[in-house]
Amino acid sequence: MIDVIKSFFSGIYALLPDSPFQTFFSGYEFDFLHWLNWFIPFDICFKITEVWVAAIALYYLFVIIKKIVFDLIIGKLIA
């Protein structure tokens, strides 16, 4: 069963085109990326953004649940 799923996804992956950026960057060497990462820590920026998005998602989930619960409680008290 796993082999069937694996072959299905590898077939779908084979249908996808190659990266359009490979031809653009084929003649360049990226020796400066580790120095750029030293000045702009992309890994830390990504982790901070990930935590921020999770916090915003939890806030909106809390607001939705609070609205549903209060609407049910207030609806039962008024009716």
Side-chain angles (χ1 to χ4, degrees):
M1 183 67 183
I2 293 175
D3 291 333
V4 172
I5 294 171
K6 191 177 184 181
S7 65
F8 174 74
F9 283 115
S10 64
I12 296 236
Y13 181 73
L15 292 176
L16 295 173
D18 292 335
S19 174
F21 302 108
Q22 285 179 348
T23 57
F24 182 70
F25 292 118
S26 63
Y28 299 107
E29 291 186 26
F30 290 110
D31 292 338
F32 65 91
L33 282 180
H34 62 278
W35 294 106
L36 181 64
N37 196 28
W38 190 80
F39 287 108
I40 304 170
F42 293 109
D43 55 342
I44 295 173
C45 293
F46 177 72
K47 289 176 186 176
I48 291 171
T49 303
E50 185 179 12
V51 170
W52 180 79
V53 168
I56 296 297
L58 284 173
Y59 170 74
Y60 281 123
L61 182 68
F62 174 74
V63 167
I64 290 170
I65 290 173
K66 185 176 85 168
K67 183 174 179 166
I68 290 171
V69 168
F70 281 147
D71 284 348
L72 287 175
I73 292 172
I74 291 174
K76 298 258 185 201
L77 290 175
I78 292 176

Colleague: The criterion is side chain to side chain contact (heavy atoms under 4.5 Å, CB included); which residues satisfy it with Ile5, sequence neighbours excluded?
Modeller: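 So Ile5 forms a side chain to side chain contact (heavy atoms under 4.5 Å, CB included) with Met1, Phe9.
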Colleague: Does Leu15 have more than 12 heavy atoms from other residues, nucleotides or ligands lying within 6.0 Å of its CG?
Modeller: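 Check passes, neighbour count above 12.
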Colleague: Please list, chain by chain and in numerical order, all residues satisfying side chain to side chain contact (heavy atoms under 4.5 Å, CB included) with Ile65, sequence neighbours excluded.
Modeller: Leu61, Val69
Colleague: What residues join Ile68 in its hydrophobic cluster, counting side-chain heavy atom gaps under 4.5 Å, either direct or through other members?
Modeller: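 When side chains under 4.5 Å apart are linked, the cluster holding Ile68 also contains Ile64, Leu72.
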Colleague: Could you pull out all residues at least two apart from Tyr13 that satisfy side chain to side chain contact (heavy atoms under 4.5 Å, CB included)?
Modeller: Leu16
Colleague: With a cutoff of under 4.5 Å between side-chain heavy atoms, which Ile, Leu, Val, Met, Phe, Trp and Tyr residues group with Ile44?
Modeller: Ile48
Colleague: Give, for atom CG of Asp71 and atom NZ of Lys66, the distance between the pair rounded to the nearest 0.5 Å.
Modeller: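 Taking CG in Asp71 and NZ in Lys66, the distance rounds to 11.0 Å.
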Colleague: Taking ILVMFWY side chains as joined if any heavy atoms are under 4.5 angstrom apart, and letting links pass through other members, which residues group with Tyr60?
Modeller: Trp52, Val53, Ile56, Tyr59, Val63
Colleague: Measure the CD1-OG distance between Ile2 and Ser7 for me, rounded to the nearest 0.5 Å.
Modeller: 12.0 Å
